Every structure is written in structure tokens, then in C-alpha cells.
Amino acid sequence: PELRESFARTGTAHLLAISGLHVGSVFGALLVGGRWVGRRLAPRVSIAWAWSGGGDRAALLVAAFGAAAYVVVAGGPVSGQRALVMALAGVAASLLDRPASGWNALAAAALVVAWLEPAALRSLGLQLSVVSVAGLLLVAPGPSGGPRALRLLLGSLAAAAAGTVATAPICAWAFGRVALAGLWVNPVAIPLLGAATVPPLLAGAALGALHPALGSPLVSLASWPARWGLALVEAAARPDRSPVLLWQPSGAGVLVCYGLAVGALALGAWRRG
């Protein structure tokens with residue numbers, strides 16, 4: 001309970017759930033690994049297959065299959081289903097040589113999850129998942145000028161702010177508080193407890209199923225960023241370091257908040273157009 005409270009106070013409780021972060025980590029790791037293997041196999045296969053991008057297409061299919069397997073093994077949580085459908089939409093667009101759209105993928109994911117499991121519409125996990133991704137899409141692709149390190153830093157801060165602000169009304173309605181510390185904890189905790197931990201941990205678990213000695217090095221490797229991320233969350237969870245906004249709107253109040261936000265965005269787009 002104390003550890004869960006630390007995650008809640010720092011706005012990082014989403015890291016404890018099977019979310020788009022984990023599905024994306026699995027998909028990204030398999031995609032990078034598949035492309036690396038494909039490019040080294042290219043000289044050994046037909047020139048036409050290599051020239052047509054067959055290795056990259058095969059890597060996309062492997063990543064999609066791996067992400068789907070991960071969601072199934074994890075029990076198919078609605079947030080994982082949403083992330084999987086978005087990933088599959090991106091894969092389909094790439095294979096068909098069509099431009100990918102994050103908004104179209106998000107809409108498709110929400111429709112597919114609602115069709116497969118109508119009760120999920122009342123799920124807090126699906127609501128937070130869809131709204132947080134919408135917030136991230138609003139700030140994508142992030143800053144375009146300046147040094148790469150600065151752009152990554154500003155992009156991480158913008159993503160954390162977008163996710164916190166976008167989900168604030170729902171969090172306030174469900175929990176009666178909004179963790180402001182997520183604005184500065186998430187940019188560091190997400191890479192440590194996500195991309196740096198999940199892929200080696202899952203790879204170690206898979207190899208460990210064959211023999212413990214095969215998987216233990218990767219599990220040990222995953223433990224390092226996990227320890228650092230956990231230490232960060234626990235240190236930031238001290239009351240003097242994790243301010244909390246106490247607020248509990250009604251359901252109607254939440255709808256009003258999002259209605260005003262959508263109206264403001266529509267008005268801004270109309271003026272720009």
C-alpha cells in the first residue's frame with residue numbers, strides 16, 4: 001500500500017498498469033531488433049526483396065505479432081487493447097503505403113475496444129488511456145529547433161504536462177485529487193520503468209522459461225533501471241516534494257471541462273484555417 005501511494009502521489013500510477021507504454025516498449029524493441037536482423041540478412045536473400053523493403057515489412061509483422069502476444073498473455077486489459085489496435089493501424093498504414101494518422105488510429109482503437117467490450121466504456125482505464133493519448137497527440141511532434149538533447153527534454157516535459165492536464169478532470173472525479181508531481185517525475189520515470197525495463201525483463205522471462213541461466217542476465221539488466229525508477233518515485237513522493245491539487249468535480253463538471261477544451265481547440269483550428 002505504501003508503494004502504491006508513492007506512485008499515486010507522484011502521478012506515476014499508470015506505470016503499474018499494463019498500458020500503452022508497455023505495449024509500445026515491446027513493439028518498439030521487436031521492431032528495432034527485427035530491422036537489425038533484416039538488414040543483415042538482406043545480402044543473403046534476393047536483391048528484389050531487399051530493395052523493396054521486405055526486411056522492414058517483415059520486422060513490422062514480427063513486432064505486431066509480438067505486441068499482440070504480449071497483450072494476450074497480460075490478460076487483455078482495455079488500455080493494452082487500445083494500444084495494440086493503434087499499433088496495428090500504424091502497421092497496416094505502413095504496409096499499404098498510406099500516411100499514418102494518430103487521431104484516426106486512436107478513434108479506431110476506441111471503436112474496436114467498445115465493440116469488443118461495451119462495458120469498457122465505463123472503465124476508468126480506457127477513459128484515462130484514450131484521453132491521455134489525445135493529450136499527447138495535441139503536443140506531437142514536439143519542438144523542432146535547437147539541439148537534439150534540448151528537443152528531447154522539452155518534448156518529454158510537454159508530453160508529461162499534456163498527459164497530466166488531459167487526465168486531470170477524470171483523476172479528480174475518480175480520486176478527488178490531481179498529482180502535480182507527475183509534471184516533473186514522469187519525464188524521468190517513464191523511460192526508466194518503461195523502455196529501459198520492460199523489453200529486457202520480458203526477454204529474460206521468455207528465455208528463462210527455457211532455462212533460468214539463459215534469462216537471468218537480462219532480468220538482472222532490467223533490475224537496474226527499475227531500481228533507479230523506483231528510488232526516484234519514492235524520493236519524489238515525500239509530501240514536501242509532491243504537491244496534490246484537491247478537487248472532486250461531478251460527472252457533469254467533467255463533461256463541461258472536456259466540452260470547453262474541445263470547443264477551444266475547434267475554435268483555434270477554425271481561426272487558423
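Starting from 1, each residue takes its place in the sequence as its number. Computed from a predicted model, the values in this text were never measured in an experiment.
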- Item | Heavy-atom donor-acceptor pair, Gln81 side chain to Gly76 backbone, under 3.5 Å | yes
- Query: Do the side chains of Phe175 and Val130 join up, straight or via other hydrophobic residues, at under 4.5 Å, putting them in one cluster?
  - Reply: no
- Taking all atoms of both residues into account, what is the closest heavy-atom pair of Ala64 and Phe27, and its distance? N-CE1, 3.7 Å
- Of all heavy-atom pairs linking Gly20 and Ala83, the shortest is CA-CB, 3.4 Å
- Does any N or O in the side chain of Arg57 come within less than 3.5 Å of the main-chain N or O of Leu95, such that one atom is a donor and the other an acceptor? yes
- What is the minimum heavy-atom distance between Ala8 and Ala179, and which atoms define it? O-CB, 3.4 Å
- Interatomic distance, Arg238 atom CZ to Thr10 atom OG1 [nearest 0.5 angstrom]: 14.0 Å
- Query: Can any side-chain N or O of Asn186 pair as donor or acceptor with the backbone N or O of Gly11 at less than 3.5 Å?
  - Reply: yes
Side-chain donor-acceptor pairs of residues 150-163 under 3.5 Å, sequence neighbours excluded:
| residue | atom | partner | partner atom | Å |
| --- | --- | --- | --- | --- |
| Arg151 | NE | Gly146 | O | 3.1 |
| Ser156 | OG | Leu152 | O | 2.9 |

- Give a yes or no on whether Phe65 atom CZ has more than 12 heavy-atom contacts from other residues, nucleotides or ligands under 6.0 Å away. no
- Message: Looking at Thr12 and Leu15, would you say the former's side chain and the latter's main chain have a donor-acceptor pair under 3.5 Å?
- Response: no
- Query: Looking just at side-chain N and O atoms, do Ser25 and His22 make a donor-acceptor pair shorter than 3.5 Å?
  - Reply: no
- Message: How close do Pro169 and Trp247 get, counting heavy atoms only, and between which atoms?
- Response: CA-CZ3, 4.0 Å
- Query: Cys171 versus Trp173: any side-chain heavy-atom pair under 4.5 Å?
  - Reply: no
- Can you measure from OG (Ser19) to NE2 (His14) and round to the nearest 0.5 angstrom? 7.5 Å
- Decide whether Leu218 and Leu210 are clustered together by the hydrophobic rule: side chain heavy atoms of Ile, Leu, Val, Met, Phe, Trp, Tyr closer than 4.5 Å, transitively. yes
- Task: Please confirm whether the backbone N or O of Val244 pairs with a side-chain atom of Arg9, one donor and one acceptor, at under 3.5 Å?
- Result: no
- Main-chain N/O of Ser220 paired with Ser223 side-chain donor or acceptor, under 3.5 Å: yes
- Query: Shared ILVMFWY cluster between Ile18 and Leu84, side chains joined below 4.5 angstrom?
  - Reply: yes
- Message: Are Leu232 and Val188 packed together at the side-chain level, in the sense that at least one heavy-atom pair is separated by less than 4.5 angstrom?
- Response: yes
- Calculate, to the nearest 0.5 Å, the distance between atoms CG and CG belonging to Leu265 and Leu138 respectively. 5.5 Å
- To the nearest 0.5 angstrom, please state how far the CG atom of Leu183 sits from the OG1 atom of Thr164. 4.5 Å
- Under a 4.5 Å cut-off applied to non-hydrogen side-chain atoms, are Leu193 and Phe7 in contact? yes
- After noting the C-alpha distance and the side-chain angles of Leu221 and Leu201, does the key distance pass the side-chain contact (heavy atoms from CB on, under 4.5 Å) rule? CA-CA 8 Å; Leu221 177 64; Leu201 180 61; over 6 Å; no
- Backbone N or O of Leu121 within a donor-acceptor pair of the Gln127 side chain at under 3.5 Å? yes
- Are Val78 and Glu117 side-chain neighbours, meaning at least one heavy-atom pair lies under 4.5 Å? yes
- Message: Using modelled atom types and a 3.5 Å cut-off, is there a donor and acceptor pairing between side-chain atoms of Ser132 and backbone atoms of Ala166?
- Response: no
- Is there a path from Val133 to Leu126 through hydrophobic residues (I, L, V, M, F, W, Y) whose side chains come within less than 4.5 Å of each other? yes
- Shared hydrophobic cluster, Val85 / Trp115 (ILVMFWY, side-chain heavy atoms < 4.5 Å): yes
- Is the closest basic N to carboxylate O distance between Arg227 and Glu234 below 4.0 Å? no
- Message: Is any side-chain heavy atom of Trp224 closer than 4.5 Å to one of Thr197?
- Response: no
- Task: Measure the shortest side-chain to side-chain distance between Leu3 and Val233 over non-hydrogen atoms and say whether it is less than 4.5 angstrom.
- Result: no
- Could you tell me whether the side chain of Ser94 and the main chain of Val91 form a donor-acceptor pair under 3.5 Å? no
- Message: Tell me the closest heavy-atom pair linking Met86 and Leu106, and the distance in Å.
- Response: CE-N, 3.8 Å
- Message: Testing the basics here: between Leu30 and Ala67, what is the closest heavy-atom pair and its distance to 0.1 Å?
- Response: CD1-N, 4.3 Å
- Task: Please check if atom CH2 in Trp103 has more than 12 non-hydrogen atoms from other residues, nucleotides or ligands closer than 6.0 Å.
- Result: yes
